[in-house]
Amino acid sequence: MRWFWSLLGRMCRLPRSLWRRAVDGFVASLIVKSRGVVCGKRVRFEGVPVIVRNCRASIVLGDNVVLRSRPSSNVLHLAHPCTLAAVEPGAKIALGDGVGMSGATLVAACGIEIGDQTLIGAEAVIVDTDFHPLDPAMRALDQTAGAASRPIRVGKHVFIGARAIILKGVSIGDGAVVGAGAVVTKDVAGGDIVAGNPARVAGTAVRAS
Ligand SMILES: CC(C)(COP(=O)(O)OP(=O)(O)OC[C@H]1O[C@@H](n2cnc3c(N)ncnc32)[C@H](O)[C@@H]1OP(=O)(O)O)[C@@H](O)C(=O)NCCC(=O)NCCS
């Protein structure tokens, strides 16, 4: 038994970075997969994300996806981990290859699709449902039944700024940029920069050379 205590003692003295790597590489991936998430190749976790999946919903992560969930994963010091929630039967969250997220929250009652190489900034929120019906009489009967939901599609190579909010039914074209803190309620054309609340076109992402 002495060998066990000696091994444990040595492991306890391992540098914190090695413990972190062990949590990221093994524990986080085990927890995510145990929740029924389909992971592509070389998916990387920094800290453990929150996964909520209805048993008839799907969450799919492409190759080389990076989910940053630890406060120190981002210089903005994240207040909470990445959250992927596919909450209704048939709901689908699909992250394309190379997508990066820092403490962002995605909640799908029907579907959220994020294109390849898109970056989702610190604590951005993407929700395809209102969560509650708008009619107070309906809310009094049931707080959540009858909430409006429409799928969201974010294209490839999109850059979503910190704390932006993207609401139901929005489609964002390839290469667009969403400014920090923007509230996106309408479609964004590919290559446009949008900012503000409600988000309006503030420029174009592809500079003329
Ligand atoms: C949207 C953004 C990319 C625009 O950068 P830019 O092309 O250099 O634009 P400018 O700074 O020249 O601003 C253009 C106009 O948009 C406005 N604007 C820019 N960013 C804005 C924002 N986030 N919210 C509201 N308005 C904004 C500017 O005030 C300016 O308005 P004006 O023409 O009336 O003066 C940038 O401001 C931004 O929000 N970056 C995101 C940073 C971030 O969150 N990184 C991720 C961290 S995890």
Side-chain angles (χ1 to χ4, degrees), residues 8 10-54 57 59-87 91 93-108 112-129 131 152 154 157-167 172 176-184 194-197 199:
L8 193 70
R10 273 189 217 166
M11 283 172 69
C12 290
R13 285 197 296 272
L14 284 177
R16 208 185 277 180
S17 61
L18 279 183
W19 279 108
R20 280 187 180 163
R21 233 180 280 167
V23 169
D24 294 343
F26 184 67
V27 182
S29 139
L30 201 69
I31 290 173
V32 167
K33 286 179 184 163
S34 73
R35 300 270 198 278
V37 175
V38 177
C39 293
K41 292 176 210 142
R42 297 175 299 279
V43 171
R44 200 152 57 80
F45 301 97
E46 292 181 15
V48 182
V50 174
I51 304 290
V52 179
R53 189 181 67 84
N54 180 289
I59 302 178
V60 179
L61 312 183
D63 298 343
N64 299 307
V65 163
V66 184
L67 301 189
R68 298 185 180 85
S69 296
R70 198 177 277 126
S72 58
S73 302
N74 187 297
V75 282
L76 296 179
H77 200 82
L78 305 176
H80 53 73
C82 289
T83 300
L84 300 176
V87 291
I93 293 178
L95 307 190
D97 296 344
V99 167
M101 273 173 68
S102 294
T105 300
L106 273 58
V107 181
I112 298 177
E113 191 189 328
I114 310 288
D116 296 348
Q117 311 301 332
T118 282
L119 300 178
I120 307 177
E123 293 161 20
V125 171
I126 304 178
V127 283
D128 75 358
T129 171
F131 292 83
I152 293 175
V154 177
H157 299 279
V158 174
F159 168 27
I160 299 173
R163 301 199 177 126
I165 301 178
I166 296 171
L167 295 173
I172 299 182
V177 176
V178 175
V183 179
V184 186
V194 295
N197 178 8

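Residue indices begin at 1 and follow the sequence shown. Note that the coordinates shown come from a computational prediction; the quantities given were computed from them, not determined experimentally.
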Derivation and outcome, side chain to side chain contact (heavy atoms under 4.5 Å, CB included), residues I160 and I126: CA-CA 10 Å; I160 299 173; I126 304 178; 4.1 Å; yes
4.5 Å side-chain heavy-atom contact, R70 and L78: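 The answer is no; the side chains never approach within 4.5 Å.
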Side-chain touch V178/V154, heavy atoms, less than 4.5 angstrom: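 V178 vs V154: side chains apart.
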Main-chain N/O of G40 paired to D63 side chain as donor or acceptor, under 3.5 Å: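 No, D63 side chain to G40 backbone: no donor-acceptor pair under 3.5 Å.
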By side-chain contact (heavy atoms from CB on, under 4.5 Å) - contacts of F131 (at least two apart):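 Only V107, V127, T129 meet the side-chain contact (heavy atoms from CB on, under 4.5 Å) criterion with F131.
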Listed partners of V32 passing side-chain contact (heavy atoms from CB on, under 4.5 Å), at least two apart: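 Result, side-chain contact (heavy atoms from CB on, under 4.5 Å) vs V32: V37, C39, F45, P49, I51.
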Steps toward side chain to side chain contact (heavy atoms under 4.5 Å, CB included) verdict (L84, M101): CA-CA 11 Å; L84 300 176; M101 273 173 68; 3.9 Å; yes
Residue list, side chain to side chain donor-acceptor pair (under 3.5 Å) with D97, at least two apart or on another chain: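 Here no residue qualifies.
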With R53 via side chain to side chain donor-acceptor pair (under 3.5 Å) - residues at least two apart: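 Applying side chain to side chain donor-acceptor pair (under 3.5 Å) to R53 gives none.
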Shortest non-hydrogen separation from [X] to [Y] and the atoms involved:
X	Y	value
S69	C82	OG-N, 3.1 Å
G96	V65	O-CG2, 3.3 Å
G62	V43	O-CG2, 3.3 Å
V52	I59	O-CD1, 3.8 Å
G121	A104	O-CB, 4.2 Å
A86	A91	CB-CB, 4.1 Å

Residue of the set I172, I93, I152, L95 for which side-chain contact (heavy atoms from CB on, under 4.5 Å) holds with I114: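 By the side-chain contact (heavy atoms from CB on, under 4.5 Å) criterion, I114 pairs with just one of I172, I93, I152, L95: L95.
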Side chain to side chain donor-acceptor pair (under 3.5 Å) partners of residues 75-86, not counting sequence neighbours, each pair once: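 Applying side chain to side chain donor-acceptor pair (under 3.5 Å) to every pair that reaches into residues 75-86, excluding sequence neighbours, yields nothing.
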Results of salt bridge (charged side-chain N to carboxylate O under 4.0 Å, His left out) for E46 - residues two or more places apart only: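 So E46 forms a salt bridge (charged side-chain N to carboxylate O under 4.0 Å, His left out) with R44, R68.
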